Chemist: 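Have a look at the structure that comes next, please.
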Amino acid sequence: YLNQTRQMHLLKSKAYIDSKWVSARSNAVFPVLNPADDSVITEVPDMEAADAKLAIEVAFDTFKSWKEVTAKERSKILRRWFDICEQNSDYLAEIITAESGKPLAEAKGEVAYGNSFLDWFADCARHINGEVVPSPWPNKQIILTRQPLGVVSIITPWNFPFAMITRKVGALMAAGCTCVIKPSEDTPLSALAAVELAEKAGVPKGVINVVTTSRKNAPAVGSVMCEDDNVQCISFTGSTAVGKILYGQAAKGVKRVSLELGGNAPFIVFPSADLEHTLNQAMLAKFRNNGQACIGANRFLVHEDVYDKFVTGFKELIAKKCILGPGTQEGVTCGPLINIEQAKKVSGLVENAISNGARPLIGGEFATDLGNKFYKSTLLVDVKPEMKIFNEEIFGPVVQVLKIKSEEEALAIANNTRTGLAAYVFTKDLGQAFRMSRKLDFGMVGINDGIISGAEAAFGGIKESGIGREGSLHGALEYTDIKYTLMSGL
Ligand code: ADP
């Protein structure tokens, strides 16, 4: 599919170090597959620790000059990168769909979202201000300035293969840092396309480097990226399990970390909510990227007064709007799951729930005529909080609904998890809305809204969902340290 289309100039089959398209030292490669039909899109270098070390050295050397570039100039470069990504939106979307499987319309949405971080951080670059603090001593001045951390190691997942790059790289470039990126083995092509456009936009040599590697080599490459003395920060988005490994490795060198890990988002519906609006938002919060989003609604907690109507309405919407198929096909709204492991995980969770008494009102099986990764959009009722599915991030197109009787019960169930990324609340009661927002142990709360992420907002979780924030000015400040200078003898 890709080979016949017009984005060949963005389809790269090499890694990118010091502005050069390079192979692995070993010359090894691994295939990048289209999840819709398992066809090989292309092969990319299967790099090892030594390759990563070289990329880090380049980023470290480049940092010495890049940190001296003025904020105004960095801003201009980011803006040019934004412009050129905008011009290439359709091509980028086609690459995203080819390697991640998401429907083309969603891939275009991801490009717009990803680009918005470049636009935003181009603005932020010029607002990373310091402070002058009143001194307790005469004739002295306390000056606090923000300095870039240095080299940032970036490790990204496959579900938003383009936006996760711009969200991190836009922020760290605004701050004056350089980086080495290890994209997911499932989706390295979007990252490579993004850096091709970065080069065209005039991002200087060595500021952004990309090391591609298979899952087999990821642990060895990851260790170097976390432990090399020339790295100052590890920015990771992915599973909590891998996040904990990287956090441990970063601790050895007291490195900064920015971790965006898993969630288990509650979606709470109270009787006063506008039901039609709530259902439409529920569709978005659940089925975006076919359920493969860390802020995707995972547990629907619905008040008994509206439970029946909610469940009936949700089933109807799923039947009408969830059209399963390859992401390139017109009209398709739900693509394949990313790989066979994820497909097995999702179906396993549903089977386990059913064997423990849950009932699927729709779905609950693979659409085997389409292949082994197309799971039907599913709605489960009679779910119990002790079931495995209720306590894990499903990361697939499965709705589970639990009946609740009160605000207190909703809060107790919602907060009973070690993760704390996003939560959603639907109510017209203003007091209840504020109360829920305050009492929910989550980093982000959407009130009457199922789509909360944006470049201007601070994205991030608490508890085991992570450390730090992305987007907003805070996202750029993550990549800075505060330098304190005491000016004496004034
Ligand atoms: P997902 O379920 O989204 O694939 P993972 O946490 O498994 O989440 O993967 C996210 C990223 O982490 C990918 O780029 C993957 O290659 C990388 N990764 C997985 N294991 C390790 C590891 N031990 N060290 C470094 N990176 C790893």
Side-chain angles (χ1 to χ4, degrees), residues 15 30-33 35 44-49 51-53 55-56 96 99-102 110 152-165 167-169 179-192 194 210-228 231 233-252 255 257-264 288-296 298 336-346 348-349 373 392-396 419 421 461 464-467:
F30 69 97
V32 183
L33 305 180
V44 294
D46 191 1
M47 294 187 136
E48 295 173 20
D51 299 289
K53 200 157 174 59
I56 292 166
I96 293 172
E99 65 175 356
S100 79
K102 69 177 65 174
E110 178 181 345
V152 182
S153 284
I154 295 180
I155 299 180
T156 52
W158 45 263
N159 57 346
F160 291 92
F162 174 72
M164 292 303 101
I165 303 296
R167 177 154 97 172
K168 293 180 190 298
V169 179
C179 67
V180 175
I181 305 169
K182 189 207 87 57
S184 166
E185 57 280 355
D186 288 316
T187 57
L189 304 178
S190 306
L192 295 173
V210 184
V211 169
T212 52
T213 182
S214 66
R215 189 76 177 199
K216 176 171 67 72
N217 288 339
V221 166
S223 307
V224 171
M225 289 178 73
C226 291
E227 293 178 25
D228 193 287
V231 170
C233 176
I234 292 91
S235 179
F236 171 75
T237 298
S239 64
T240 299
V242 173
K244 284 180 183 177
I245 296 173
L246 303 183
Y247 194 17
Q249 290 174 346
K252 293 183 196 168
K255 309 285 172 66
V257 289
S258 168
L259 303 172
E260 299 289 353
L261 311 178
N264 183 0
R288 184 175 181 213
N289 205 16
N290 209 14
Q292 304 174 106
C294 51
I295 56 170
N298 208 52
L337 294 169
I338 185 73
N339 54 37
I340 198 74
E341 290 77 29
Q342 276 301 122
K344 280 189 189 149
K345 184 192 157 196
V346 172
L349 283 173
K373 291 191 290 298
E392 284 205 18
E393 192 176 24
I394 304 170
F395 239 62
T419 55
L421 194 57
E464 290 189 15
S465 287
I467 295 176

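Treat the numbers as computed from the prediction; the structure is a model and nothing was measured. Every number for a ligand or one of its atoms is a count from 1 in the order of the listing.
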Chemist: So, S214 and D46: side-chain donor and acceptor under 3.5 Å apart, yes or no?
Modeler: yes
Chemist: With distance as the sole test, does E393 use its side chain to make a donor-acceptor pair with the main-chain N or O of G263 at under 3.5 Å?
Modeler: yes
Chemist: Are N159 and ligand 1 in contact, using a heavy-atom cut-off of under 4.0 Å?
Modeler: no
Chemist: Look at K244 together with E464 and state whether they make a salt bridge at an N to O cut-off of under 4.0 Å.
Modeler: yes
Chemist: From the options S239, G238, A218, S153, select the one whose nearest heavy atom is closest to atom 24 (N) of ligand 1.
Modeler: A218
Chemist: Counting neighbours of NZ on K53 that are heavy atoms of other residues, nucleotides or ligands and sit closer than 6.0 Å, is the number greater than 12?
Modeler: no
Chemist: Nearest to atom 7 (O) of ligand 1, what protein heavy atom do you find, and at what distance?
Modeler: R215 NH2, 2.7 Å
Chemist: Can you name the atoms of ligand 1, numbered from 1 with element, that are less than 4.0 Å from a heavy atom of P219?
Modeler: 22 (C), 23 (N), 24 (N)
Chemist: Just to confirm my output: which protein heavy-atom neighbour is closest to atom 12 (O) of ligand 1, and how far is it?
Modeler: F236 CE1, 3.3 Å
Chemist: Can you tell me if E110 uses its side chain to pair, donor with acceptor, with the backbone of F162 under 3.5 Å?
Modeler: yes
Chemist: Give me the atom names and distance for the closest heavy-atom approach of I338 to E99.
Modeler: CD1-O, 3.8 Å
Chemist: Hey, which atoms in ligand 1 end up nearer than 4.0 Å to a heavy atom of E185?
Modeler: 15 (C), 16 (O)
Chemist: Need the ligand 1 atom indices (1-based, order shown) with element for anything under 4.0 Å from a heavy-atom of P157.
Modeler: 3 (O)
Chemist: Applying a 4.0 Å heavy-atom criterion (strictly less than), which segment of M225 is in contact with ligand 1: side chain, backbone, both, or neither?
Modeler: neither
Chemist: Hey, which atoms in ligand 1 end up nearer than 4.0 Å to a heavy atom of L246?
Modeler: 24 (N), 25 (C)
Chemist: Are a donor atom and an acceptor atom from the side chains of T237 and K168 found within less than 3.5 Å of each other?
Modeler: yes
Chemist: Looking at S465 and L261, would you say the former's side chain and the latter's main chain have a donor-acceptor pair under 3.5 Å?
Modeler: no
Chemist: Please check whether T237 reaches ligand 1 - meaning an N/O of the residue sits under 3.5 Å from an N/O of the ligand, judged on distance alone.
Modeler: no
Chemist: Give the atoms of ligand 1, by number and element, whose distance to some non-hydrogen atom of T156 is under 4.0 Å.
Modeler: 11 (C), 13 (C), 14 (O)
Chemist: Polar-atom distance check: Q342 versus ligand 1, any N or O pair below 3.5 Å?
Modeler: no
Chemist: If you measure from each non-hydrogen atom of T213 to ligand 1, which part falls under 4.0 Å: side chain, backbone, both or neither?
Modeler: neither
Chemist: Record the part of F395 in heavy-atom contact with ligand 1 below 4.0 Å; permitted values are side chain, backbone, both and neither.
Modeler: neither
Chemist: Does a sphere of radius 6.0 Å around CZ in F30 hold more than 12 heavy atoms from other residues, nucleotides or ligands, not counting ones at 6.0 Å or beyond?
Modeler: yes
Chemist: Among all protein heavy atoms in this structure, tell me which lies nearest to atom 1 (P) of ligand 1, with the distance rounded to 0.1 Å.
Modeler: W158 NE1, 3.4 Å
